[in-house]
Each structure stands twice: as C-alpha cells, then as structure tokens.
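In this text, all values refer to a predicted model and were calculated from it rather than measured experimentally. These values consider heavy atoms only, across backbone and side chains, with no hydrogens, waters or symmetry-generated copies.
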Amino acid sequence: QVQLVESGGGLVQAGGSLRLSCAVSGSIFRIDDMGWYRQARGNQRELVAGITAGGSTKYTDSVKGRFTISRDNAKNTVYLQMNSLKPEDTAVYYCNARRFHASDYVDDYWGQGTQVTVSS
C-alpha cells in the first residue's frame with residue numbers, strides 16, 4: 001500500500017543532465033532516510049546518494065561533485081539532479097525510502113526503477 005513512483009529518466013548524451021523525481025504515497029507515517037540506488041546490466045546494485053530526514057547527504061565517490069540529492073518533506077518527494085553525465089552512469093535507478101523502528105527493525109520501500117542511458 002506504499003508506493004514509490006520514479007520519473008525523469010531517459011536518454012542523454014555524455015555531459016548532459018537529468019533530474020530524477022520520486023514521489024512516495026500511501027500508508028506511511030514517517031520517512032527517515034531516502035536514497036537513490038542504481039544497477040547496471042551485469043552489475044550489483046549500488047547506493048548512489050542518500051539523504052536523512054534532516055537533510056544530511058552522502059554520495060558514492062563516483063558521483064561526488066556531479067549529482068545532488070534533495071527532498072521535499074511536505075510532498076514526500078526526493079530528487080536526484082544528475083549533471084555531467086557519463087556513459088558509466090547508465091543503469092536502472094531505484095528510489096528507496098526507509099523507516100527506522102525500535103529494536104533495530106527497518107522498513108524499506110522501493111520504486112519500480114527508471115532507466116538512465118548516457119551515450120558517448
């Protein structure tokens with residue numbers, strides 16, 4: 001009953017930009033961390049960027065200085081601004097929302113994925 005819907009993916013030339021959006025809806029009372037993961041063909045899924053409810057951010061080394069994650073808590077939406085895109089960024093990008101509970105229990109919610117393709 002919790003849905004995460006991504007948008008903004010597509011095909012872009014190297015050096016171009018895209019902005020991904022992820023809107024969360026449904027029966028969720030609180031969202032703690034949110035993030036973007038990606039999985040390229042034949043590779044493992046990796047964390048790209050994360051953001052806490054308070055706005056603290058983290059990035060994987062390969063995107064630092066090029067990508068920016070942000071969130072609008074009032075709209076339950078997280079964004080990923082992707083600049084200076086490289087062919088190595090080509091992957092399916094997945095939105096994640098996480099809630100922390102007592103006793104170290106965690107709820108994770110995932111979007112369906114959006115394709116980002118960067119041509120050389």
Can you tell me how far apart [atom1] ([X]) and [atom2] ([Y]) are? Round to the nearest 0.5 Å.
X     : Y      : atom1 : atom2 : answer
Gln81 : Ser17  : CD    : OG    : 6.0 Å
Leu4  : Trp110 : CG    : CH2   : 10.0 Å
Ser56 : Ile51  : OG    : CD1   : 8.0 Å
Asp32 : Thr52  : CG    : OG1   : 9.0 Å
Leu80 : Phe67  : CG    : CZ    : 6.0 Å
Asn73 : Arg30  : CG    : CZ    : 12.5 Å

- What about Met34 and Val92, same hydrophobic cluster or not, with Ile/Leu/Val/Met/Phe/Trp/Tyr joined at side-chain heavy-atom distances under 4.5 Å? no
- Query: Under a 4.5 Å side-chain heavy-atom rule over Ile, Leu, Val, Met, Phe, Trp and Tyr, are Ile69 and Met82 clustered together?
  - Reply: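 Yes, same cluster.
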- Is the side chain of Tyr94 donor-acceptor paired with the backbone N or O of Glu6 at a distance under 3.5 Å, no angle test?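 Checked: no pair found.
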- For the side chain of Gln13 and the backbone of Val118, is there at least one donor-acceptor N/O pair under 3.5 Å apart? no
Over all atoms of both residues, closest heavy-atom pair of [X] and [Y]:
X      : Y     : answer
Pro87  : Ala14 : CD-CB, 4.1 Å
Val78  : Cys95 : CG1-SG, 3.6 Å
Gln112 : Val5  : OE1-CA, 3.8 Å
Leu47  : Thr60 : O-CB, 3.4 Å

- Chi angles and distances behind the side chain to side chain contact (heavy atoms under 4.5 Å, CB included) call for Asp108, Asn96: CA-CA 7 Å; Asp108 275 316; Asn96 169 263; 3.3 Å; yes
- Item | Pairs meeting criterion side chain to side chain donor-acceptor pair (under 3.5 Å) with involvement of residues 35-46, two or more places apart | Arg38-Glu46, Arg38-Ser62, Arg38-Asp89, Arg38-Tyr93
- Item | Asp72/Tyr79 under side chain to side chain contact (heavy atoms under 4.5 Å, CB included): CA gap, chis, key distance, verdict | CA-CA 8 Å; Asp72 185 336; Tyr79 307 92; 4.3 Å; yes
[X] versus [Y]: any side-chain heavy-atom pair under 4.5 Å?
X     : Y      : result
Ile31 : Arg98  : no
Thr77 : Val24  : no
Leu85 : Val12  : yes
Leu20 : Val116 : yes

- Phe100 and Asp107: CA distance, side-chain angles, deciding distance, side chain to side chain contact (heavy atoms under 4.5 Å, CB included) verdict: CA-CA 7 Å; Phe100 297 100; Asp107 281 334; over 6 Å; no
- For Tyr109, what residues pass the side-chain hydrogen bond (donor to acceptor under 3.5 Å, both in side chains) criterion, not counting sequence neighbours?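 Testing Tyr109 for side-chain hydrogen bond (donor to acceptor under 3.5 Å, both in side chains), a comparison that skips the adjacent residues, returns Arg99.
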- Residue pairs, two or more places apart or on separate chains, that pass disulfide (SG to SG under 2.5 Å) and touch residues 34-80: none
- Let me see the working for Thr90 and Glu88 under side-chain hydrogen bond (donor to acceptor under 3.5 Å, both in side chains), right down to the final yes or no. CA-CA 5 Å; Thr90 296; Glu88 305 91 88; over 6 Å; no
